[in-house]
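Structure, as structure tokens:
Throughout, a chain's letter reflects where its sequence line sits, starting with A, and its residues are numbered from 1.
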Amino acid sequence: MIDIRFINANHKLVKAAVQNKNEKADIDSIMALDEERRGLQFVFENLRKLQNQASQEIASIKRAKGDASQLLQEMGEMAAEVKNLNQKLAEINQRLEAMLLGVPNIPAAGVPVGKDESANRVVKSWGEKPEFDFEAKDHLTIAEANDLLDLPRGAKISGSGFPVYKGLGAQLERALINFMLNYHIHHHHYTEVSVPLLVNRQTMIGTGQLPKLEDDMYHVDLDDLFLIPTAEVPVTNLYANEVLPGDSLPIKHVAYSACFRREAGSYGKDTRGLQRLHQFNKVEIVRFVKPEESQQALDEMVQEAERILQAFGLHYRVVELATGDLSFASEHTYDLEVWAPGTGRYLEVSSVSCFGDFQARRAGIRYRAADGKPAFLHTLNGSGLATPRLMIAILEHYQKQDGGVHFKDILKVML
RNA sequence: GGAGAGUUGCCAGAGCGGUUGAAUGGGACGGUCUCGAAAACCGUUGUAUCCUUACGGGUACCCAGGGUUCGAAUCCCUGACUCUCCGCCA
């Protein structure tokens with residue numbers, strides 16, 4: 001959430017951000033409504049002041065056993081007015097809040113400006129595309145030959161996009177999750193948390209998935225709960241509406257979770273095999289830091305995600321997202337795209353983002369600053385990593401000419 | 001799912017519908033005392049927002065949302081959460 005005072009003071013900047021992010025929040029209406037709100041608020045507070053004073057008077061009259069009926073009658077009329085104003089004010093506040101929740105975060109300075117991913121900037125490339133002295137097969141072909149997946153049966157019991165991993169495929173995926181968790185715990189000093197997969201509406205608003213992306217979320221109507229699209233949601237909201245001691249920062253959490261995405265509007269896009277799924281597994285890293293430390297934290301987290309790919313010797317590139325490709329809540333994001341030699345494409349396996357105080361403001365996550373006052377902290381998170389596309393890259397990278405897979409080499413990395 | 005109890009400031013814990021933003025105790029911070037420390041004593045100690053250059057002042061907040069009332073931490077309703085008991089169950 002963007003502070004309304006910041007909007008009032010920097011409306012040009014905010015409007016530019018809205019446009020550059022292809023959003024459509026109406027900043028002028030927000031400012032107009034806020035002005036109306038402030039006016040009403042002022043009137044209301046003055047009225048309340050009178051009312052409070054009169055109440056004191058009535059109290060003292062009654063204590064002196066005097067007659068307060070005159071004043072009581074006057075106050076009766078005022079009470080009606082106060083009530084009326086209060087209702088109006090509540091209604092405006094609600095509308096303003098709703099509009100404010102629709103204002104995206106502002107891209108960080110230096111983020112490439114552009115309307116879509118074509119303006120993204122490749123900032124780094126690591127490793128080389130592997131050379132095979134045979135025709136490289138894609139992961140689906142490899143999976144079939146080795147009985148690693150059973151996608152048709154997944155589709156039967158749930159629908160397409162709900163994969164069934166089988167045999168060595170299932171074991172490999174489980175091992176990857178465990179490997180990545182341990183890596184971040186032991187090498188990068190994250191504290192593991194295991195969190196709920198269903199969260200309430202407020203939690204989804206806190207990290208910025210709602211109200212914008214409700215159609216992309218699986219929802220349990222009866223309980224008004226949402227299946228998480230990423231562990232970012234429960235983990236970031238762990239500290240919602242808290243004031244954390246300054247010396248507890250930075251807080252670093254790693255979590256494994258299943259992730260659920262409806263992927264509305266992306267039917268038929270990149271659907272082959274494990275490329276795009278409704279359910280997948282992911283290890284997520286999340287940090288809560290002081291504002292002055294978030295820039296460095298972002299760089300570190302990108303490197304932490306990179307090390308997983310480096311461990312497997314997979315060629316990848318780091319892409320700095322342009323404004324139009326940034327998520328609603330993000331102000332600065334780097335994607336890791338791993339090379340899948342059989343598929344012949346770079347696949348996004350990680351997205352590392354700094355949210356500034358945008359999420360902290362929405363979720364009410366604060367820390368006790370050096371001056372003793374509560375202040376909003378900064379949140380960051382990154383995939384470290386998502387398993388399906390990592391599986392794709394690994395299977396295609398470690399394939400053998402005879403259609404098999406160098407499982408022993410993969411295992412060696414994880415030991 | 002059923003029955004009951006509870007939710008107050010950093011913590012514990014009072015609170016009659018009116019002078020309660022909230023007793024009291026603890027903690028923390030500052031001071032006196034001391035060579036220093038402890039003890040004792042004194043003082044300070046919530047958040048948000050508005051007005052004000054400042055000093056200072058206003059408003060709101062006692063789980064959340066409604067209601068009653070001139071006035072609600074205090075009464076009523078709904079919801080969330082915690083605890084106890086019963087039922088069911090991995």
Side-chain angles (χ1 to χ4, degrees), chain A residues 1-9 30-101 194-206 210 219-226 234 237-249 258 291 357-377:
Chain A
M1 179 139 67
I2 304 295
D3 190 351
I4 181 63
R5 283 171 300 188
F6 183 87
I7 293 176
N8 283 327
I30 289 175
M31 290 196 295
L33 192 60
D34 180 55
E35 200 173 330
E36 189 183 348
R37 192 204 99 241
R38 288 203 310 272
L40 267 182
Q41 183 86 36
F42 189 74
V43 174
F44 172 77
E45 287 186 0
N46 283 324
L47 223 50
R48 278 295 285 171
K49 183 179 174 183
L50 289 177
Q51 199 178 31
N52 286 340
Q53 284 169 350
S55 291
Q56 302 280 342
E57 257 181 76
I58 290 169
S60 68
I61 290 172
K62 288 204 165 177
R63 253 196 317 278
K65 306 265 193 262
D67 175 21
S69 56
Q70 169 79 27
L71 196 51
L72 278 174
Q73 191 177 351
E74 285 174 31
M75 286 302 104
E77 291 162 27
M78 184 178 284
E81 203 180 335
V82 166
K83 190 174 171 182
N84 181 28
L85 262 180
N86 190 29
Q87 267 167 8
K88 250 188 221 164
L89 210 47
E91 190 260 336
I92 286 181
N93 273 325
Q94 205 168 16
R95 258 166 57 208
L96 190 62
E97 173 83 4
M99 289 169 90
L100 243 24
L101 286 177
S194 178
V195 292
L197 305 180
L198 283 166
V199 298
N200 60 34
R201 185 170 287 275
Q202 188 54 50
T203 298
M204 291 291 274
I205 290 172
L210 295 185
H219 181 246
V220 181
D221 290 330
L222 201 55
D223 301 291
D224 196 23
L225 292 172
F226 295 85
N237 280 284
L238 239 29
Y239 302 105
N241 300 313
E242 293 190 30
V243 180
L244 303 166
D247 60 13
S248 69
L249 302 182
D357 67 6
F358 187 83
Q359 293 182 327
R361 202 175 279 281
R362 283 182 165 237
I365 312 172
R366 295 182 295 173
Y367 75 108
R368 185 103 17 216
D371 63 0
K373 297 282 179 199
F376 291 111
L377 47 70

Which sits closer to the 5' end of RNA chain B, Gln51(A) or Gln56(A), going by the nucleotide each is nearest to? Gln56(A)
Between Glu91(A) and Gln87(A), is any side-chain donor less than 3.5 angstrom from a side-chain acceptor? no
Just the rounded figure in Å: distance from C1' of U45(B) to CZ of Arg368(A). 11 Å
Are side-chain N/O atoms of Ser55(A) and Asn52(A) paired as donor and acceptor at under 3.5 Å? no
Does the protein touch nucleotides 49-58 of chain B at the base, only the backbone, or not at all? Give it as B, S and - per nucleotide, heavy atoms under 4.0 Å. SS-------B
pair_partner(C63(B)), Watson-Crick or wobble, both distances < 3.5 Å, evaluates to G79(B)
Side-chain atoms of residues 33-42 of chain A: list all donor-acceptor pairs with protein atoms under 3.5 Å, sequence neighbours left out, distances to 0.1 Å.
| residue | atom | partner | partner atom | Å |
| --- | --- | --- | --- | --- |
| Asp34(A) | OD1 | Arg37(A) | NH1 | 2.2 |
| Asp34(A) | OD2 | Asn8(A) | ND2 | 2.9 |
| Asp34(A) | OD2 | Arg38(A) | NH1 | 2.5 |
| Gln41(A) | NE2 | Glu45(A) | OE2 | 3.1 |

I'd like to know whether CD of Gln53(A) has more than 12 heavy-atom contacts from other residues, nucleotides or ligands below 6.0 angstrom. yes
Please evaluate residues Glu74(A) and Gln70(A) with respect to the criterion side chain to side chain donor-acceptor pair (under 3.5 Å), reporting the C-alpha separation (whole Å), side-chain torsions for both, the decisive distance (0.1 Å), and the verdict. CA-CA 7 Å; Glu74(A) 285 174 31; Gln70(A) 169 79 27; 3.2 Å; yes
Describe the nucleic acid contact of Glu77(A) in one word from base, sugar-phosphate, nothing, applying a heavy-atom distance below 4.0 Å. nothing
A48(B) phosphate, OP1 or OP2: any side-chain N/O from Arg361(A) under 4.0 angstrom? no
Please report, rounded to the nearest Å, how far the P atom of G71(B) is from the NZ atom of Lys62(A). 12 Å
With heavy atoms under 4.0 Å as the rule, sort Ala79(A) into base, sugar-phosphate or nothing. sugar-phosphate
Would you mind pulling out the nucleotide paired to A40(B), Watson-Crick or G-U wobble, both distances under 3.5 Å? U32(B)
For A39(B) versus G26(B), give the span between their P atoms, rounded off to a whole number of Å. 12 Å
Taking Lys373(A) first and then Asp371(A), would you say they form a salt bridge - that is, a charged N and a carboxylate O separated by under 4.0 Å? no
With the side chain of Arg48(A) defined as its heavy atoms from C-beta on, choose the nearest nucleotide among U68(B), U59(B), U47(B). U59(B)
Could you tell me whether Gln87(A) contacts a base, only the sugar-phosphate backbone, or nothing, with contacts defined as non-hydrogen atoms closer than 4.0 Å? sugar-phosphate
Suppose we define a pair by two distances each less than 3.5 Å, Watson-Crick or G-U wobble; what does U68(B) pair with here? none
Please list, one pair per line, the donor and acceptor atoms closer than 3.5 Å that link side chains of residues 79-86 of chain A to other protein atoms, with sequence neighbours excluded.
none

If you measure from the C1' atom in U8(B) to the same atom in G1(B), how many Å do you get, rounded? 32 Å
Distance check, C1' atoms only: C86(B) and U69(B), in whole angstrom units. 41 Å
Assigned partner base of A23(B), Watson-Crick or wobble definition, under 3.5 Å: none
Applying the 3.5 Å cut-off to both distances, the Watson-Crick or G-U partner of A73(B) turns out to be none
For G58(B) and A38(B), measure between their P atoms and round to the nearest Å. 39 Å
Taking the P atom of each, how far is G15(B) from C75(B), in whole Å? 12 Å
Apply side-chain contact (heavy atoms from CB on, under 4.5 Å) to Gln202(A) and Leu210(A), showing your working. CA-CA 9 Å; Gln202(A) 188 54 50; Leu210(A) 295 185; over 6 Å; no
Work out how far the C1' atom of A72(B) is from that of G66(B), and round it to whole angstrom. 14 Å
In whole angstroms, how far is the C1' atom of G71(B) from the CZ atom of Arg63(A)? 13 Å
Take the protein atom CZ of Arg366(A) and the nucleotide atom C1' of G46(B), then report the distance between them rounded to whole Å. 11 Å
How many Å lie between CG on Leu85(A) and P on A60(B), as a whole number? 13 Å
Interatomic distance, Gln94(A) CD vs G65(B) P [rounded to whole Å]: 11 Å
Taking CG from Leu47(A) and P from C70(B), how many angstroms apart are they, rounded to a whole number? 15 Å
Take atom P in C63(B) and the same atom in C16(B), then report the distance between them in whole Å. 15 Å
Under 3.5 Å, side chain of Asp357(A) to main-chain N/O of Phe376(A), donor-acceptor pair present? no
For U84(B), the Watson-Crick or wobble counterpart (both distances under 3.5 Å): A3(B)
May I have the distance from Asn86(A) (atom CG) to U68(B) (atom P), rounded to whole angstrom? 12 Å
Identify, between Ala59(A) and Gly76(A), the residue whose nearest nucleotide on RNA chain B lies closer to the 5' end. Ala59(A)
Now, which nucleotide makes the Watson-Crick or G-U wobble pair with U49(B), with each of the two distances under 3.5 Å? G58(B)
Inter-nucleotide C1' distance (A73(B), U7(B)), Å rounded: 12 Å
